[in-house]
Amino acid sequence: MCTTVLGTVISLLAAVPAFAQEGAEGAQHAPSNLLSINGGLMFWTLVIFVVLMFVLAKFAFKPITAAVEAREKALEDAIAAARRDREEAAALLAEHRKLVEQAHANAQQLIVEARSAGEKVRAEIVERAHQEQRQILERARAEIQGERDRAIVQLRREAVELAVRGASKVIEKNLDNDTNRRLVESFLATLTPAIQS
Amino acid sequence: MKLRTIALALLLALSPAAAHRAVAQEASHPQPSQVRVGPHGEHLVGAQAGPVDIVTPHITDSHALELPFVGEVELPRWTPVRIGGVAIDLSPTKHVVMLLVAAVLCVLVLVPAARAHVRHTQQAGAPKGFANGIEAMVLYLRNEVILPNVGPHGNAYVPFALSLFFFILFANLLGLIPYGSTATGNISVTAMLAIITFVVVEISGMRTQGLGYLRTIFYIPPKEVPLPLKPVLFVIMSIVELIGKFTKPFALAIRLFANMTAGHVVLLALISLIFTFGSYFVAPVPIAMAVASSLLEIFVGFLQAYIFTLLSCVFIGLIREGGH
């Protein structure tokens, strides 16, 4: 670029005189002609522009461009890093999701198992309770039966005792009275069904 | 701009010369005793003395500088430098001063902005404020205008095109502030800028294409063309190519010059309406219109700087592309 500009300067400096003659003449005679060419002005334009360009290129555009390029690079790096991070995060997320799903499935299975086990235990307990109840009932019934039988026997004995005592009383009055004995016997016979029932 | 137009109106209204001219215009019967001087120094009398040109002196170059509170300052006149029988008048004119002011403004605006930009970037990672605005312009021109048009490895042309843009922009805008003058409304300035662009274009063509650069001047007919037609085509098309080479910078120079001049002619013509009507009651209308067209001029100042830069880059890109 520098050589390009240098070439420009040299060739233009060589060319300026050609424009100048016409310009100088034009400037003197017709100052208000819009299209008159002024060689001096052209020369100054060239000098000012070229100097300005070198100054700006060195002190303004170079630092700005360098800073901007550095920032662009930093941005690109940051974008690449962000993309990488995002991909990693996505992979991690997928993995986590899978893990959580597995955990869910496990938990579900555990719950099902626990529920069935619980059910079984409950059924067993209920079964056992029923059984015990039946046993208790049977025992109670048997005891009641036994007690009743004993009571009947005792009652019979008591009745016999009473009868014997009654009889002895009668006998004391009329010993060997057959008729009396029969009377007692028949009395006892009437009592029996009442006790048995 | 408002200030400028009002100042202009006041200046024209208050300065004795303007008043004199206005009175002379108002008078339907020009006095024979009034002697007017024409552009070529001859004396004009009678009907010829009627219209007075206040527009042209305002937009053309001169050896005097208008300064606030000081008035007109005559610039030094140096004896023309003679190089081999050719005289160049190197004395500074108003437009030379304006170009210098534009260049100094460019440096004063861009270099501190660049410094601040670098400082902000180092401190905070990103520029802020004015430096950020300058960066936005520089980056836009670099990434959207210069690099895509210049083509691959166009980084070397970025400083040239950016300088072109900011220099033309400041020169354009200087014409819109009071006491300023549009140096880019002078054909000499735009011609020189166009010539610089032309030389940059041609040299970049030579550098990228080597010997192939000759093909941008001399047309080589394709194989399908019958043999007897080849020399004819060669001559005609070579002339066309050569003309095309010079048309581009010529159009650049004329475009910038005409756009800058036209805006100021319109502005001055609008202000002149006040004197044409010769009444204070008319003044608000032309002033409002002048303010509007001043606003338009700001836009045109940016636009023309942009177009000059864009087209320069397009021409560089075109000639570099030819080799690939």
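Numbers restart at 1 for each chain; the letters A, B, ... are given by sequence-line order, proteins then strands.
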Legend entry - From CE (B/M137) to CD1 (A/I64), nearest 0.5 Å: 11.0 Å

Inset, instruction - With a 4.5 angstrom heavy-atom cut-off, could you sort out which part of A/L35 is near chain B: side chain, backbone, both or neither? - result: both

Legend entry - Parallel, tilted or perpendicular: rings of A/W44 and B/W78 (30°, 60°): perpendicular

Legend entry - Contact winner vs chain A - B/F198, B/F167, B/F257, B/F166, heavy-atom pairs under 4.5 Å: B/F167

Legend entry - Residue selection (most heavy-atom pairs with chain A, distance under 4.5 Å) from B/L90, B/L99, B/T190, B/V104: B/L90

Legend entry - B/R255 atom CZ: more than 12 heavy-atom contacts under 6.0 Å: yes

Legend entry - Distance in Å, A/F61 CZ paired with B/L141 CG, rounded so as to fall on 0.5 Å steps: 8.5 Å

Legend entry - salt bridge (Lys or Arg N to Asp or Glu O under 4.0 Å) against A/K73, all qualifying residues, sequence neighbours excluded: A/D77

Inset, instruction - Mark yes when over 12 heavy atoms from residues, nucleotides or ligands other than B/F250 sit less than 6.0 Å from its CZ; otherwise mark no. - result: no

Legend entry - Gap between atom CD of A/E69 and atom CG of B/L139 - 0.5 Å precision: 9.5 Å

Inset, instruction - Measure the shortest side-chain to side-chain distance between A/L56 and B/C106 over non-hydrogen atoms and say whether it is less than 4.5 angstrom. - result: yes

Legend entry - Choice from B/S91, B/S163, B/A113, B/A114 maximising heavy atom contacts with chain A below 4.5 Å: B/S163

Inset, instruction - Pick one of side chain, backbone, both or neither for B/L164, based on which atoms fall under 4.5 Å of a heavy atom in chain A. - result: both

Legend entry - Winner by heavy-atom pair count (cut-off under 4.5 Å) against chain A, out of B/V111, B/N155, B/T121: B/V111

Legend entry - For A/N38 against B/D89, the heavy-atom pair lying closest together: OD1-O, 4.3 Å

Legend entry - Under 4.5 Å from a heavy atom of chain A, the part of B/H117 involved: side chain

Legend entry - Minimum-distance pair of heavy atoms, taken over all atoms of B/I187 and A/I37: CG2-CD1, 4.0 Å

Legend entry - Gap separating the CD atom of B/E135 from the OG1 atom of A/T65, nearest 0.5 angstrom: 9.5 Å

Inset, instruction - State, to 0.1 Å, how close B/V118 and A/P63 come at their nearest heavy-atom pair, and which atoms those are. - result: CG2-CB, 3.5 Å

Inset, instruction - Measure the OG1-CD1 distance between A/T45 and B/I195 for me, rounded to the nearest 0.5 Å. - result: 9.5 Å

Legend entry - Shortest non-hydrogen contact from A/G39 toward B/I88: C-CG2, 3.9 Å

Inset, instruction - Give a yes or no on this: more than 12 heavy atoms of other residues, nucleotides or ligands lie within 6.0 Å of atom CD of A/Q154. - result: no

Inset, instruction - For residues A/M42 and B/S188, report the shortest heavy-atom separation together with the two atoms involved. - result: CG-O, 3.5 Å

